[in-house]
Amino acid sequence: KEEKEGVNGSISLNTGLPHNHSIGLSLNRRTEKFNLFSQVGGGYRSLPSDRETLTRDLVAGTAIASEGREYRNEGFFNITLGTDYHINKLNVLTLSGNFAYEVERQPSEFDFTRTDANDIPVTEWSREEETSATNPKWQYDLQYKKDFKDHKDHDLLFSALGSFFGKDLESEFDNVTTLGAEDFPDQQTRTRFNEAKYTFKGDYTKPFENGVSIETGAQYVLQDVSNDYAVNDWINGEWVSNEGLTNVFVYDQKVLGVYGTVAYEKNKWGAKVGLRVEQTDLNTLLETTNEDNSQNYTNLFPSAHISYKFTDRFSMQAGYSKRIYRPRLWDLNPFFNIRNNFSIRTGNPELLPEFTDSYEVTAIYILEKISMNFGVYQRYTTDVIERITVFENEVSTTRPDNIGTSRNTGLEFNAKYSPLKWLSINTDWNYSYFNRRGEFDATNFDFNASSWEAEATAKFKLPKSVDIEVTGEYESAYETVQGRRAENYFMNLGARKKFLKGKAILSLSIRDVFASRIRQSEATQPTFYSFARGQRGRFVSLGFSYGFGKGEAMQYTGRRR
């Protein structure tokens, strides 16, 4: 830090297609005791998405299809201020805060067609949406770190993190019938969403001279959410509240975790054992209909890992860990967007977490120009969260539910190969065979299936300080409890040029080069068939960054923050 005392910073300019334009400024002022840092930025971005759905009643033979495009256009501004205070060489106090504000516009237009049993259109209509929203966000972070003189890895860390996200949203839906006599009412929705989250952490690490080290700590997370959602229908010349779709969802979750680990590493052996205890208190409430759900549970999460180095080039590792996946907020929230009234996705307030027992064995080879990892794993998961689609009155509704167990057995392989000084190749491959067992609403969902995925990245270091990176990914098709998810493949490309002795960087990013990344799924059941397809398309970004003082240029990735 002494080498960069004074004023340092960088400025970045970015543009792209579809619209993705921004400017950012980073400044910091370093002294012996303080580092004052700040960032400010703003811009505009557009995220278009093409979507297509089909729902067919296999009993009556009728079907409803939709096709259209939706946008998420955002203007945004953010500012960060903070300071590091070096109390002395062993103690550092950091305080930072961030504020961001977004203004959204979400226009969309979809064309609908209803066909009879002979696939002849009987009704056609269009549905246009105009949505506007404002999103204030803030976050603060207070951190204290203490290092000890006896060892560089002997330290104590405390932190407190707070954040808030709000959304004030209004939507108008206009329907125009172009074929047939059926008239669909116009609709309005209103959302008032607030989320506050607080995280308090403490961690202590202590190494000993005999190769043993201990680590212990605790974390307490509080999350409070309120989502006030209302829908109005235009009936007989006036707006009428749709009571079935209007409610206030309240979500309150508190998670306390305490952990401890002991590790040993000396000569050829390494071992680590740990235990984490978590206590979860979750409450959800639908205020209007007074539907509540409370979950209070305590869980133990043990872990154990061992490694042995046969030679400097070959070693093996084995491990076990127990894990938890808690439902996300939007898995629990029963409200949904009514963009498509005939294909609905909603949450489930009674959803339970998944628990997984994971076993792994890995071999590591390190040769002159290539390093390879080969692993075998088995994961057994209970209360598996699956999205289940039900069909009634021409409407398909998809929501998550806990359905049975899953036993995954798989192989993993990854490698890094550097045949030349200017070329390196990274590969990653994963194959999984899964055994599903479960029952839902008297329907048996037992089946066996498999899937695989692969990724490869090539990095080229060319003359004149030019770097190029090409990444390709492939995900195979696989079976689900009700149907099938189609294969998915795409390529990303990045290039950058450094000049002015590295002070300036010009970068180019192309995501989904061939516009091939398509999400497609289908559900096939005795009484209905449903199909969904979504695509975002190609994104091209061009960025320029310049560092001044002793600052470095920011390396722009083109990804959305």
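- A salt bridge is defined here as a Lys NZ or Arg NE, NH1 or NH2 lying under 4.0 Å from an Asp or Glu carboxylate O, and Arg127 with Asp174 fails to meet this definition.
- At distances below 3.5 Å, not a single donor-acceptor pair connects side-chain atoms of Thr356 with backbone N or O atoms of Arg323.
- Residues Arg69 and Asp50 are paired through a salt bridge, judged by an N-O separation under 4.0 Å between the basic side chain and the carboxylate.
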Intermediate values then yes/no, side-chain contact (heavy atoms from CB on, under 4.5 Å), Val481 and Phe447: CA-CA 8 Å; Val481 292; Phe447 72 99; 3.9 Å; yes
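- Ring geometry, Tyr474 versus Tyr489: the interplanar angle falls under 30°, so the pair is classed parallel (tilted spans 30 to 60°).
- Ion pair Arg517/Glu473 not flagged as a salt bridge, since none of the NZ, NE, NH1 or NH2 atoms sits closer than 4.0 Å to an Asp/Glu carboxylate oxygen.
- Considering only heavy atoms from C-beta on, Val384 comes within 4.5 Å of Glu354 through its side chain.
- Salt bridge absent: Asp331 and Arg326 never bring a charged side-chain N and a carboxylate O closer than 4.0 Å.
- The shortest distance between side-chain heavy atoms of Phe440 and Asp401 falls below 4.5 Å.
- Using a 4.0 Å cut-off between charged nitrogen and carboxylate oxygen, Glu394 and Arg114 count as a salt-bridge pair.
- Residues Asp111 and Ser126 come closest through the heavy atom pair OD1-CB, 3.5 Å.
- Taking the side chain as every heavy atom from C-beta outward, Ser432 and Ser450 never approach each other to under 4.5 Å.
- For residues 511-535, the pairs satisfying ring pair (Phe, Tyr, Trp, His ring centres under 6.0 Å) are Phe391-Phe528, with sequence neighbours left out.
- A pairwise comparison of heavy atoms in Pro349 and Gln295 identifies O-NE2, 4.3 Å as the closest pair.
- A donor-acceptor contact shorter than 3.5 Å is absent between the side chain of Arg436 and the backbone of Gly404.
- Interatomic distance, Asp467 CG to Phe460 CZ, rounded to the nearest 0.5 Å: 11.5 Å.
- In plain terms, the two heavy atoms of Gly543 and Asn14 that are nearest each other are CA-OD1, 3.3 Å.
- Here Phe112 and Trp125 bring their ring centres to under 6.0 angstrom of each other.
- The minimum heavy-atom distance between Ile338 and Leu245, with the atom names listed, is CG2-CD1, 4.4 Å.
- A perpendicular orientation is assigned to the rings of Tyr478 and Phe434, their planes being inclined by more than 60° (bins at 30° and 60°).
- Side chain of Asp446 to backbone of Gly438: a donor-acceptor contact under 3.5 angstrom is found.
- Ring geometry, His21 versus Tyr44: the interplanar angle falls under 30°, so the pair is classed parallel (tilted spans 30 to 60°).
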Pair Gln525-Thr527, side-chain hydrogen bond (donor to acceptor under 3.5 Å, both in side chains): steps then yes or no: CA-CA 6 Å; Gln525 294 297 291; Thr527 60; over 6 Å; no
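- Residues Ile385 and Leu352 fail the side-chain proximity criterion, which asks for heavy atoms closer than 4.5 Å.
- A distance of 4.5 Å separates CD of Gln188 from CD of Glu172, quoted to the nearest 0.5 Å.
- In this structure the side chain of Gln378 never reaches within 4.5 angstrom of the side chain of Tyr380, judged on heavy atoms.
- Between the side chains of Ser406 and Asn408, at least one donor-acceptor pair of N or O atoms lies under 3.5 Å.
- Looking at Glu74 and Arg72, a side-chain N of the basic residue comes within less than 4.0 Å of a carboxylate O on the acidic one, giving a salt bridge.
- The nearest pair of heavy atoms linking Ala133 to Arg105 is N-NH1, 4.2 Å.
- From Ile388, atom CD1 reaches atom CG of Asn348 across 11.0 Å, with rounding to the nearest 0.5 Å.
- Residue Thr113 holds its OG1 atom at 11.5 Å from CG of Asp119, rounded to the nearest 0.5 Å.
- Between Tyr101 and Phe99, the ring planes lie parallel to each other; the angle is under 30°, not in the 30° to 60° tilted range.
- The residues Lys254 and Asp281 are annotated as not salt-bridged, no charged nitrogen and carboxylate oxygen being separated by less than 4.0 angstrom.
- In this structure, Thr246 OG1 and Leu286 CG are separated by 12.0 Å, a value rounded to the nearest 0.5 Å.
- Under 3.5 Å, the side chains of Lys167 and Asn135 contain a donor-acceptor pair of N or O atoms.
- Here the closest heavy-atom approach between residue Leu542 and residue Ser507 is recorded as CD1-O, 3.3 Å.
- Ring to ring, Phe193 and Trp330 are close: their centroids are under 6.0 angstrom apart.
- Ring pair Tyr297/Phe355 is perpendicular by interplanar angle, where above 60° counts as perpendicular and below 30° as parallel.
- One N or O on the side chain of Asn98 and one on the backbone of Ile79 form a donor-acceptor pair closer than 3.5 Å.
- Taking the ring centre of Phe76 as origin, the terminal cationic atom of Arg45 falls inside the region bounded by 6.0 Å and 45° from the ring axis.
- Contact annotation: the side chain of Arg511 never approaches that of Arg536 to less than 4.5 Å [non-hydrogen atoms, C-beta and beyond].
- Residues Val395 and Thr55 fail the side-chain proximity criterion, which asks for heavy atoms closer than 4.5 Å.
- In this structure, CD on Glu412 lies 14.0 Å from OH on Tyr431, to the nearest 0.5 angstrom.
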Hey, mind stepping through Glu469 and Thr471 against side-chain contact (heavy atoms from CB on, under 4.5 Å) and telling me if it holds? CA-CA 7 Å; Glu469 182 174 304; Thr471 300; 4.1 Å; yes
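- Partners of Asp183 by salt bridge (charged side-chain N to carboxylate O under 4.0 Å, His left out), not counting sequence neighbours: none found.
- For Ser476 (side chain) and Trp452 (main-chain N/O), a donor-acceptor pair under 3.5 Å exists by modelled atom type.
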Let me see the working for Leu169 and Ser171 under side-chain contact (heavy atoms from CB on, under 4.5 Å), right down to the final yes or no. CA-CA 7 Å; Leu169 182 146; Ser171 297; 3.4 Å; yes
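- Side chain to side chain, Asn73 and Ser46 meet the donor-acceptor criterion of an N or O pair below 3.5 Å.
- Under a 4.0 Å N-O distance rule, the pair Glu360/Arg379 qualifies as a salt bridge.
- A salt bridge is defined here as a Lys NZ or Arg NE, NH1 or NH2 lying under 4.0 Å from an Asp or Glu carboxylate O, and Arg519 with Glu475 meets this definition.
- Between the side chains of Thr131 and Gln106, no donor-acceptor pair of N or O atoms lies under 3.5 Å.
- Side-chain polar atoms of Gln482 and Thr480 form no donor-acceptor pair below 3.5 angstrom.
- A tilted orientation is assigned to the rings of Phe249 and Tyr251, their planes being inclined by 30° to 60°.
- Residues Pro400 and Arg387 are in side-chain contact: their nearest non-hydrogen atoms beyond the backbone lie under 4.5 Å apart.
- The closest side-chain donor-acceptor pair between Asn341 and Gln187 falls under 3.5 angstrom.
- Although no hydrogens or angles enter the test, the distance criterion places a donor-acceptor pair under 3.5 Å between the side chain of Asn492 and the main chain of Asp512.
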Show your reasoning for whether salt bridge (charged side-chain N to carboxylate O under 4.0 Å, His left out) applies to Glu109 and Arg339. CA-CA 9 Å; Glu109 183 172 358; Arg339 184 167 289 154; over 6 Å; no
